[in-house]
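Chain letters run A, B, ... following the sequence lines, proteins first and then strands; every chain starts at 1.
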Protein chains: 2
Amino acid sequence: MNIGSAARKSGLPAKTIRYYEEIGLLKADRAANGYRDYSAADVNRLQFVHRSRNLGFSVEECRQLLSLYDDKQRASAEVKAIAEAKLDDIDRKLAELTSLRSALRHLVDHCHGDDRPDCPIIDGLSGATVACETH
Amino acid sequence: MNIGSAARKSGLPAKTIRYYEEIGLLKADRAANGYRDYSAADVNRLQFVHRSRNLGFSVEECRQLLSLYDDKQRASAEVKAIAEAKLDDIDRKLAELTSLRSALRHLVDHCHGDDRPDCPIIDGLSGATVACETH
DNA sequence: GGTTGACCTTCCAGATACTGGAAGGTCTAG
DNA sequence: CTAGACCTTCCAGTATCTGGAAGGTCAACC
């Protein structure tokens with residue numbers, strides 16, 4: 001399929017897909033007319049990169065994650081180590097996102113429309129947990 | 001406190017803190033000697049920005065999130081709407097991160113050291129859920 | 001067959017978000 | 001009063017896109 005379809009299916013702009021090719025993140029086949037040609041597997045890879053980037057992984061980290069995808073038949077300790085490290089990253093991100101969520105939720109539910117000049121709960125936005133007893 | 005301490009406590013490089021000041025994300029007081037002077041509340045804001053950026057929010061989004069922090073005594077429907085929208089963003093990110101995690105976990109646990117040329121589970125890396133029955 | 005409009009191509013410039021380094025001022029300890 | 005660790009500004013470079021120009025390709029319709 002052409003780059004436009006791949007863009008629609010992966011959610012990435014065509015521009016970005018070309019850029020990823022330019023930096024060697026993923027190459028595409030070319031049709032006889034010179035158009036890039038994407039398989040369903042390519043679209044999967046693009047979707048994967050899209051969500052990984054959205055979740056705060058760098059392009060280099062995406063390259064490592066894609067290597068899991070590509071080197072899957074190679075029982076490589078190195079590749080497995082990368083995967084384990086990424087799992088740890090993800091767990092850390094999950095914990096932070098959860099705490100950010102609860103802080104923001106708390107703010108919306110309890111700290112709004114209040115005209116006191118300071119709300120100690122809001123200070124919890126920056127920390128891992130929301131301190132509540134001073135509110 | 002000086003920028004170095006604020007950097008250590010917030011986890012952001014001093015360079016980045018200066019950059020955030022330059023783009024007006026958060027201003028700092030100045031001591032008599034011209035050094036930037038950060039309060040504990042400033043450090044909270046910096047930590048907050050740090051984690052938000054790590055989780056894939058843009059600087060502009062961080063600016064909105066910080067406005068919740070700053071306009072907290074203003075019972076503004078607009079600010080509340082931003083908070084609700086950010087909560088939705090966070091929920092979406094949580095769901096994606098969870099599915100990415102389970103896909104990667106599955107890959108590490110089941111698809112490795114396998115020398116078959118293709119592993120359908122890995123294709124699930126790009127989707128919201130991991131299809132398992134074809135493996 | 002010709003034209004139109006939606007595709008595609010490359011290339012180059014600009015935007016966003018840092019990041020590193022130089023040149024130099026300030027502070028604290030010995 | 002000197003050494004080393006801070007701090008300052010400024011300017012240049014990097015990473016990751018993003019927009020636009022100039023032009024080729026394709027499918028459909030007259």
- Task: Could you check which of C/dC8, D/dT16, C/dT9 has an atom nearest any side-chain atom of A/Arg30?
- Result: C/dT9
- Message: Test of understanding: with side-chain hydrogen bond (donor to acceptor under 3.5 Å, both in side chains), list the residues that count as partners of A/Glu21, not counting sequence neighbours.
- Response: A/Arg30, A/Arg36
- Distance check: side-chain N/O of A/Thr16 vs OP1/OP2 of D/dT18, anything under 4.0 Å? yes
- What integer distance in Å separates B/Ile17:CD1 from D/dC6:C1'? 14 Å
- Note on the structure: Separation of C/dC8 atom P from A/Asp29 atom CG, nearest Å, is 16 Å
- Start at the 5' end of DNA chain D and walk down; is the nucleotide closest to B/Arg8 or to A/Glu60 reached first? B/Arg8
- Before accepting this row, confirm whether a basic side-chain N of the pair B/Lys27/B/Glu22 lies closer than 4.0 Å to the acidic partner's carboxylate O. no
- Quick one, give me the B/S/- string for nucleotides 19-26 of chain D, reading 5' to 3', where B means a protein heavy atom under 4.0 Å from the base and S means that only happens at the primed atoms, P, OP1 or OP2. BB---BBS
- Query: Rounded to the nearest Å, what distance is computed from the CD1 atom of residue A/Ile3 to the C1' atom of nucleotide C/dA6?
  - Reply: 15 Å
- Message: Give me the atom names and distance for the closest heavy-atom approach of B/Asp37 to B/Met1.
- Response: OD1-N, 2.7 Å
- Query: D/dC7, C/dT10, C/dT19: which one has an atom nearest the side-chain heavy atoms of B/Asn2?
  - Reply: D/dC7
- Message: Strictly distance-based, threshold 3.5 Å: is any side-chain N or O of A/Asn2 a donor or acceptor partner for the main-chain N or O of A/Gly4?
- Response: no
- Query: C/dA15 C1' sits how many Å from B/Tyr19 OH, rounded?
  - Reply: 10 Å
- Message: So does A/Gln47 get a backbone contact from the side chain of A/Lys9, meaning a donor-acceptor N/O pair under 3.5 Å?
- Response: no
- Message: How many whole angstroms separate atom CD of A/Glu21 from atom P of C/dC8?
- Response: 13 Å
- Query: Going hydrophobic residue to hydrophobic residue with side-chain gaps under 4.5 angstrom, can you get from B/Tyr35 over to B/Tyr38?
  - Reply: no
- Indicate whether OP1 or OP2 belonging to C/dA17 is found under 4.0 Å from a side-chain N or O atom of B/Tyr20. no
- So what does A/Ile23 touch, heavy atoms closer than 4.0 Å: a base, only the sugar-phosphate, or nothing? nothing
- Message: Ignoring hydrogens and geometry beyond distance, is a side-chain donor-acceptor pair present between A/Ser99 and B/Arg51 at under 3.5 Å?
- Response: yes
- Query: B/Leu25 CG to C/dC18 P: how many Å, rounded?
  - Reply: 9 Å
- Item | Among C/dT10, D/dC17, C/dC18, the nucleotide that comes nearest once only the side chain of B/Arg53 is considered | C/dC18
- Query: Quick one: is A/Arg36 getting a side-chain N or O under 4.0 Å of the C/dT9 phosphate, OP1 or OP2?
  - Reply: yes
- From CE of A/Met1 across to P of C/dC8 the rounded distance in Å is 12 Å
- Query: Over how many whole Å does the gap from B/Glu22 atom CD to D/dC10 atom C1' extend?
  - Reply: 10 Å
